[in-house]
Amino acid sequence: MLIRYKKSFKKIAMGLLSYMPQEKELRTLRETIECYENNDERQLYLWKIEEDIVGVVGVAIGVKNVEILHIAVNPSYRDEGIGTEMIAEVTKAYPDKDVVPGAETTPFYEKCTKEAGKGCRL
Ligand SMILES: CC(C)(COP(=O)(O)OP(=O)(O)OC[C@H]1O[C@@H](n2cnc3c(N)ncnc32)[C@H](O)[C@@H]1OP(=O)(O)O)[C@@H](O)C(=O)NCCC(=O)NCCS
(Lines give C-alpha, C1' and ligand atoms only; values in the text may rest on other atoms or scores of the structure.)
Protein backbone atom coordinates (compact mmCIF):
# COMPACT_ATOMS: atom_id res chain seq x y z
CA MET A 1 0.00 0.00 0.00
CA LEU A 2 1.32 3.44 -0.97
CA ILE A 3 1.19 5.98 1.87
CA ARG A 4 2.26 9.62 2.05
CA TYR A 5 5.45 10.43 3.91
CA LYS A 6 5.21 12.08 7.31
CA LYS A 7 7.99 13.20 9.61
CA SER A 8 7.62 10.23 11.95
CA PHE A 9 8.90 8.08 9.04
CA LYS A 10 12.01 10.21 8.51
CA LYS A 11 14.63 7.65 9.57
CA ILE A 12 13.17 4.73 7.65
CA ALA A 13 12.67 6.98 4.60
CA MET A 14 16.30 8.13 4.75
CA GLY A 15 17.44 4.51 5.09
CA LEU A 16 15.50 3.54 1.98
CA LEU A 17 16.61 6.61 0.00
CA SER A 18 20.23 5.73 0.80
CA TYR A 19 19.94 2.75 -1.60
CA MET A 20 19.88 5.28 -4.46
CA PRO A 21 23.41 5.57 -5.87
CA GLN A 22 23.47 9.39 -5.58
CA GLU A 23 22.24 9.42 -1.95
CA LYS A 24 25.18 7.72 -0.26
CA GLU A 25 26.39 10.77 1.70
CA LEU A 26 24.51 11.71 4.86
CA ARG A 27 24.62 15.42 3.97
CA THR A 28 23.02 14.78 0.56
CA LEU A 29 20.43 12.51 2.13
CA ARG A 30 19.47 15.16 4.71
CA GLU A 31 19.13 17.80 1.98
CA THR A 32 16.98 15.44 -0.07
CA ILE A 33 14.57 14.63 2.75
CA GLU A 34 14.31 18.30 3.76
CA CYS A 35 13.51 19.16 0.16
CA TYR A 36 10.59 16.71 0.25
CA GLU A 37 9.44 18.01 3.65
CA ASN A 38 9.58 21.70 2.74
CA ASN A 39 8.50 21.85 -0.86
CA ASP A 40 4.88 21.57 -1.98
CA GLU A 41 6.00 20.51 -5.46
CA ARG A 42 7.79 17.46 -4.04
CA GLN A 43 6.06 14.43 -2.57
CA LEU A 44 7.54 11.34 -0.99
CA TYR A 45 5.55 8.10 -0.70
CA LEU A 46 6.32 4.93 1.21
CA TRP A 47 5.31 1.36 0.48
CA LYS A 48 3.82 -0.38 3.50
CA ILE A 49 3.32 -4.12 3.92
CA GLU A 50 1.40 -4.77 7.13
CA GLU A 51 3.48 -2.78 9.68
CA ASP A 52 6.69 -2.69 7.64
CA ILE A 53 7.84 0.19 5.44
CA VAL A 54 9.79 -1.48 2.64
CA GLY A 55 9.91 0.99 -0.25
CA VAL A 56 10.13 4.65 -1.12
CA VAL A 57 9.25 6.68 -4.19
CA GLY A 58 9.72 10.43 -4.50
CA VAL A 59 8.26 12.70 -7.15
CA ALA A 60 8.45 16.28 -8.39
CA ILE A 61 4.97 17.53 -9.32
CA GLY A 62 4.94 19.82 -12.32
CA VAL A 63 2.10 21.44 -14.24
CA LYS A 64 1.85 18.62 -16.78
CA ASN A 65 4.32 16.01 -15.54
CA VAL A 66 5.11 14.06 -12.42
CA GLU A 67 8.79 13.17 -12.45
CA ILE A 68 9.99 10.17 -10.48
CA LEU A 69 13.14 11.40 -8.75
CA HIS A 70 13.76 8.53 -6.34
CA ILE A 71 12.72 4.89 -6.10
CA ALA A 72 14.14 2.23 -3.79
CA VAL A 73 13.06 -1.01 -2.15
CA ASN A 74 14.56 -2.75 0.87
CA PRO A 75 16.88 -5.47 -0.55
CA SER A 76 15.00 -8.19 1.38
CA TYR A 77 11.84 -7.34 -0.58
CA ARG A 78 13.28 -6.87 -4.09
CA ASP A 79 12.19 -8.82 -7.17
CA GLU A 80 8.67 -9.20 -5.80
CA GLY A 81 7.16 -6.53 -8.03
CA ILE A 82 7.08 -3.74 -5.41
CA GLY A 83 9.08 -1.25 -7.49
CA THR A 84 6.75 -1.80 -10.44
CA GLU A 85 3.68 -1.52 -8.22
CA MET A 86 4.91 1.75 -6.71
CA ILE A 87 5.24 3.28 -10.19
CA ALA A 88 1.76 1.98 -11.08
CA GLU A 89 0.26 3.50 -7.90
CA VAL A 90 1.97 6.86 -8.47
CA THR A 91 0.58 6.86 -12.02
CA LYS A 92 -2.92 6.22 -10.60
CA ALA A 93 -2.48 9.01 -8.02
CA TYR A 94 -1.94 11.63 -10.76
CA PRO A 95 -4.45 10.68 -13.49
CA ASP A 96 -4.32 14.12 -15.14
CA LYS A 97 -0.51 14.21 -15.46
CA ASP A 98 2.14 12.30 -17.38
CA VAL A 99 4.45 10.30 -15.13
CA VAL A 100 8.02 10.46 -16.41
CA PRO A 101 11.32 9.17 -15.05
CA GLY A 102 14.09 11.43 -13.75
CA ALA A 103 17.77 11.00 -14.60
CA GLU A 104 18.38 8.62 -11.69
CA THR A 105 15.29 6.44 -12.18
CA THR A 106 15.25 6.04 -15.97
CA PRO A 107 16.83 2.54 -16.19
CA PHE A 108 14.24 0.93 -13.89
CA TYR A 109 11.33 2.96 -15.30
CA GLU A 110 12.27 1.95 -18.84
CA LYS A 111 12.56 -1.67 -17.86
CA CYS A 112 9.06 -1.51 -16.32
CA THR A 113 7.49 0.17 -19.32
CA LYS A 114 9.18 -2.27 -21.72
CA GLU A 115 7.68 -5.12 -19.71
CA ALA A 116 4.22 -3.53 -19.88
CA GLY A 117 3.15 -5.72 -22.76
CA LYS A 118 4.31 -8.83 -20.91
CA GLY A 119 2.05 -8.75 -17.88
CA CYS A 120 3.78 -5.92 -15.97
CA ARG A 121 1.21 -4.06 -13.85
CA LEU A 122 1.97 -0.63 -15.30
C1 LIG B 1 15.16 -0.46 -8.66
C2 LIG B 1 14.38 -1.10 -7.51
C3 LIG B 1 13.57 -0.02 -6.81
C4 LIG B 1 13.45 -2.17 -8.05
O5 LIG B 1 12.62 -2.64 -7.02
P6 LIG B 1 11.95 -4.09 -7.07
O7 LIG B 1 10.84 -4.10 -6.09
O8 LIG B 1 12.98 -5.14 -6.96
O9 LIG B 1 11.36 -4.08 -8.58
P10 LIG B 1 10.44 -5.16 -9.29
O11 LIG B 1 10.37 -6.41 -8.46
O12 LIG B 1 9.17 -4.50 -9.68
O13 LIG B 1 11.27 -5.45 -10.62
C14 LIG B 1 12.44 -6.22 -10.57
C15 LIG B 1 13.14 -6.16 -11.92
O16 LIG B 1 13.77 -4.86 -12.08
C17 LIG B 1 15.13 -5.05 -12.42
N18 LIG B 1 15.93 -3.92 -11.94
C19 LIG B 1 16.36 -3.69 -10.70
N20 LIG B 1 17.10 -2.56 -10.66
C21 LIG B 1 17.14 -2.08 -11.92
C22 LIG B 1 17.76 -0.96 -12.51
N23 LIG B 1 18.50 -0.08 -11.79
N24 LIG B 1 17.60 -0.78 -13.84
C25 LIG B 1 16.87 -1.62 -14.58
N26 LIG B 1 16.25 -2.73 -14.06
C27 LIG B 1 16.39 -2.96 -12.73
C28 LIG B 1 15.50 -6.37 -11.75
O29 LIG B 1 16.64 -6.93 -12.33
C30 LIG B 1 14.25 -7.21 -12.01
O31 LIG B 1 14.30 -7.68 -13.33
P32 LIG B 1 13.61 -9.09 -13.78
O33 LIG B 1 12.14 -8.94 -13.48
O34 LIG B 1 13.89 -9.17 -15.24
O35 LIG B 1 14.28 -10.13 -12.96
C36 LIG B 1 15.36 -1.78 -6.49
O37 LIG B 1 16.19 -2.68 -7.21
C38 LIG B 1 16.24 -0.81 -5.73
O39 LIG B 1 15.85 -0.32 -4.67
N40 LIG B 1 17.45 -0.50 -6.24
C41 LIG B 1 18.36 0.42 -5.57
C42 LIG B 1 17.89 1.84 -5.74
C43 LIG B 1 18.09 2.32 -7.17
O44 LIG B 1 19.12 2.10 -7.78
N45 LIG B 1 17.06 3.03 -7.69
C46 LIG B 1 17.11 3.60 -9.03
C47 LIG B 1 16.80 2.56 -10.08
S48 LIG B 1 17.02 3.19 -11.75
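This chain uses plain numbering: 1 for the first residue, then up along the sequence. What you see is a predicted model; the values in this text were computed from it and never measured. Every number for a ligand or one of its atoms is a count from 1 in the order of the listing.
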- Which of the numbered atoms in ligand 1 are below 4.0 angstrom from a heavy atom of Tyr19? 41 (C), 42 (C)
- Task: Please check if the side chain of Thr105 supplies one atom and the backbone of Pro101 the other of a donor-acceptor pair under 3.5 Å.
- Result: no
- Message: Glu31: which residues meet the salt bridge (Lys or Arg N to Asp or Glu O under 4.0 Å) condition with it, sequence neighbours left out?
- Response: Arg27
- Query: What's the shortest heavy-atom distance between Ala72 and Tyr19, and which atoms?
  - Reply: CB-CB, 4.0 Å
- Could I get the full list of salt bridge (Lys or Arg N to Asp or Glu O under 4.0 Å) partners for Lys92, not counting sequence neighbours? Glu89
- Report, as yes or no, whether the 6.0 Å neighbourhood of atom CZ on Arg30 holds more than 12 heavy atoms from other residues, nucleotides or ligands. no
- So which of Cys112, Ala72, Ser18 gets nearest to atom 3 (C) of ligand 1, if we judge by its closest heavy atom? Ala72
- Using a heavy-atom cut-off of under 4.0 Å, does the side chain or the backbone of Glu80 touch ligand 1, or both, or neither? backbone
- Of the backbone atoms (N, CA, C, O) and the side-chain heavy atoms from C-beta on, which set of His70 has a member under 4.0 Å from an atom of ligand 1: side chain, backbone, both, or neither? neither
- Nearest non-hydrogen contact to atom 1 (C) of ligand 1 from the set Tyr109, Phe108, Trp47 belongs to Phe108
- Message: Is there a path of hydrophobic side-chain contacts, each under 4.5 Å between heavy atoms of I/L/V/M/F/W/Y residues, joining Tyr5 to Val90?
- Response: no
- Message: Exactly one of Glu23, Glu104, Arg42 should register a side-chain hydrogen bond (donor to acceptor under 3.5 Å, both in side chains) with His70. Which one does?
- Response: Glu23
- Quick note on ligand 1: atoms under 4.0 Å from a heavy atom of Val73 include exactly 3 (C), 5 (O), 7 (O), 38 (C), 39 (O)
- For ligand 1, does Lys111 get within less than 4.0 Å through its side chain, its backbone, both, or neither, judged by non-hydrogen atoms? side chain
- Query: Is there any N or O on Thr84 that sits under 3.5 Å from an N or O of ligand 1?
  - Reply: yes
- Message: I'd like to check which ligand 1 atoms, numbered from 1 as shown, lie under 4.0 Å from a non-hydrogen atom of Glu104.
- Response: 46 (C), 48 (S)
- Item | Proximal ligand 1 atoms for Pro107, defined as those under 4.0 Å from one of its heavy atoms | 24 (N), 25 (C), 48 (S)
- Query: So is Gly81 polar-close to ligand 1, meaning N/O to N/O under 3.5 Å?
  - Reply: yes
- Item | Which of the ligand 1 atoms, numbered from 1, are nearer than 4.0 Å to a heavy atom of Pro21 | 44 (O)
- ligand 1 to Tyr77 polar contact by distance, N or O atoms, under 3.5 Å: no
- Message: Heavy atoms only, cut-off 4.0 Å: how does Pro75 contact ligand 1, side chain, backbone, both, or neither?
- Response: neither
- Query: Is the backbone N or O of Ser76 less than 3.5 Å from a side-chain atom of Asn74, with the two atoms forming a donor-acceptor pair by type?
  - Reply: yes
- Got an N/O contact under 3.5 Å between Ile71 and ligand 1? yes
- Can you get from Leu26 to Leu17 by hopping between Ile, Leu, Val, Met, Phe, Trp and Tyr side chains that sit under 4.5 Å apart? yes
- N/O to N/O below 3.5 Å, does that happen between Asp79 and ligand 1? yes
- Item | Lys64 (side chain) donor-acceptor with Asp98 (main chain) under 3.5 angstrom | no
- Any side-chain heavy-atom pair from Ile87 and Val57 closer than 4.5 angstrom? no
- Where's the contact between Thr105 and ligand 1, heavy-atom distance under 4.0 Å: side chain, backbone, both or neither? backbone
